[in-house]
There are 2 protein chains.
Amino acid sequence: MKEKRQVLIIDDHPLFREGIKTIISRNGRFEVIDEAGTGREGFEKASQLKPDVVLLDISLPDETGMEVARKIRHHLPHTRIMILSMHSKIDYIVEAFQSGATGYVIKESAAERLAQALEAVASGEYFLDSSISHEVIAKLMNSPVKEAKVSDAGYGKLTSREQEIMRMLAEGASKGQIAEQLCISVKTVENHRANIMRKLDIHSAMELVRYAARLGLIDVDLWKE
Amino acid sequence: MKEKRQVLIIDDHPLFREGIKTIISRNGRFEVIDEAGTGREGFEKASQLKPDVVLLDISLPDETGMEVARKIRHHLPHTRIMILSMHSKIDYIVEAFQSGATGYVIKESAAERLAQALEAVASGEYFLDSSISHEVIAKLMNSPVKEAKVSDAGYGKLTSREQEIMRMLAEGASKGQIAEQLCISVKTVENHRANIMRKLDIHSAMELVRYAARLGLIDVDLWKE
DNA sequence: GGGTGGCCGGGAGAATTTCCCGGGAGAAAT
DNA sequence: ATTTCTCCCGGGAAATTCTCCCGGCCACCC
């Protein structure tokens, strides 16, 4: 009987780790030797235990999964890295593999898929979650049609002045900058801002940015270069 | 009993068409209604017969499969196009899907794969031959396209606690929520936040969200519904 | 004329930010 | 063992900002 492949889980959600462990325990060819909740802890345990496969969440409290992957890849070339992610965005996938991952599975996948992926990755094969193909292809077909449907129930109730100020707010302008550029007092800007927030029922700068992004007032894709 | 899906084959090799026909005939859910050896003939028959699926070879005597795909896509939006190719080069794959293909299968694949692909494509799903994943991934890994490995200088200088708080901040959590969840005082959260802003040289909530989005800490695409 | 609504500002108190401070814990160096 | 360092945790006080309410001005419409 051959030795079981050793697996290290790095994910910040204990419940999720439990789920993974039970799934893996049903497969006789793998065993979970340890787990970690942060990138740093994960890297240390990986360095120490030298597992065959690392199951790595993409979002961790301290570092991104990509960073951890790069470090593991560098220090432990023989350890295979499989990324677990909630996202099926092509950008994440690309970066994951460029960071040294050998497999990429999204968390919504069925349990059997994880086992299948483990088999492939442990034997050195690349594995791309097949349910991702759809996303990847959709990205490839990427029609640059960006419908700026700037029509929302709440947004229409804003006056033109308020819409103008909201745009500047969403673009990150400070109250002082807006006041200067519009030649009005900071106080007025504050009042407009308060009116905008009330009409749109939003309560933080974060929500305002999100709202603006959803309406296409600002192009969040530019942030990702 | 439901009607069989109608399939048109466009390929310049008669023997290959025969092979495809026998494979499809073993599957009760599809039937080959006609076949063509050139792009022009294929497009004419497609326009006339309006098949559910067109099996399209990438290399044809008169036109490329991509050109035929674009024409079919344009005139028959409801007809699914599945590319058959000997090549698994990423460039072909990209171009195929950009030309309107819904599936991509390489000719070396097993017969069952074709049936599986037909099922997927006929029901509107994208299908990418899984034996291609390896090629695609290999391409991704040494893709010169991706630069800017901005896992970022500044972010690495944040302590794990600061990174943790930064993520919560970017996700829109208020100071009070963070303090409660982390069981620390609001004051401490404010201090961490100030440290983060200083280390990253950002000066507004907006910039913080942008920074987090660029690093992939948050998924701005979710905002767009 | 009177009413309405947008735009502009102010005032006062509440809330937040900013900057400075120091203690404690743990790790690493000496 | 001790020092040193960094990080996490908070407090205090001043500065800034937010929030809500106020009034004036102007344009437009019954």
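On a predicted model such as this, the values are computed, not experimentally measured, just so you know. We use all heavy atoms of the structure for the numbers below, so side chains are in, but hydrogens, waters and symmetry mates are not. Naming: A, B, ... by sequence-line order, numbering from 1 per chain.
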For this session: Check the pair Thr79(A) / Asp52(A) against side chain to side chain contact (heavy atoms under 4.5 Å, CB included), numbers first and verdict last.
Result: CA-CA 5 Å; Thr79(A) 293; Asp52(A) 297 299; over 6 Å; no
Problem set entry | Exam field: side chain Arg17(A) to backbone Asp11(A), donor-acceptor pair closer than 3.5 Å | yes
Problem set entry | salt bridge (Lys or Arg N to Asp or Glu O under 4.0 Å) partners of Glu18(A), counting only residues at least two apart | Lys21(A)
Problem set entry | Rounded distance (nearest 0.5 Å) linking atom CD1 of Ile9(A) with atom CD1 of Ile33(A) | 10.0 Å
Exercise. So, Glu119(B) and Arg5(B), do they make that salt bridge, N to O below 4.0 Å?
Worked result: no
Nucleotides 10-20 of chain C: which of its N/O atoms have a protein N/O under 3.5 Å away?
{"residue": "dG10(C)", "atom": "O6", "partner": "Asn191(A)", "partner atom": "ND2", "Å": "3.4"}
{"residue": "dG11(C)", "atom": "O6", "partner": "Lys187(A)", "partner atom": "NZ", "Å": "2.6"}
{"residue": "dT16(C)", "atom": "O3'", "partner": "Lys175(B)", "partner atom": "NZ", "Å": "3.4"}
{"residue": "dT17(C)", "atom": "OP1", "partner": "Lys175(B)", "partner atom": "NZ", "Å": "3.4"}
{"residue": "dT17(C)", "atom": "OP2", "partner": "Lys175(B)", "partner atom": "NZ", "Å": "2.4"}
{"residue": "dT18(C)", "atom": "OP2", "partner": "Arg193(B)", "partner atom": "NH1", "Å": "3.2"}
{"residue": "dT18(C)", "atom": "O4", "partner": "Lys187(B)", "partner atom": "NZ", "Å": "2.7"}

Problem set entry | Interatomic distance where CG belongs to Asn195(A) and P belongs to dG6(C) [whole Å] | 9 Å
Exercise. Whole-Å distance between dC8(C) P and Ile184(A) CD1?
Worked result: 5 Å
Exercise. Does the side chain of Thr188(A) get closer than 4.0 angstrom to OP1 or OP2 of dG9(C) through an N or O atom?
Worked result: yes
For this session: Output all residues satisfying ring-ring contact (aromatic ring centres under 6.0 Å, His included) with His75(B), sequence neighbours left out; order by chain, then residue number.
Result: Phe43(B)
For this session: Would you grab the first and last nucleotide of DNA chain D (5' to 3') that comes under 4.0 Å of any non-hydrogen atom in chain A?
Result: dT17(D) to dC21(D)
Problem set entry | Residues within residues 34-45 of chain A bordering DNA chain C, heavy-atom distance below 4.0 Å | none
Problem set entry | OP1 or OP2 of dG6(C) under 4.0 Å from side-chain N/O of Ser160(A) | no
Problem set entry | Residues which pass salt bridge (Lys or Arg N to Asp or Glu O under 4.0 Å) with Arg161(B), listed by chain and number, not counting sequence neighbours | Glu164(B)
Exercise. Got a second to check how far Asp57(A)'s CG is from Ser59(A)'s OG, nearest 0.5 Å?
Worked result: 4.0 Å
For this session: Tell me, yes or no, whether the heavy-atom count around Glu180(A) atom CD, taken from other residues, nucleotides or ligands under 6.0 Å, exceeds 12.
Result: no
Problem set entry | Any donor-acceptor N/O pair, Lys45(A) side chain to Glu35(A) backbone, under 3.5 Å | yes
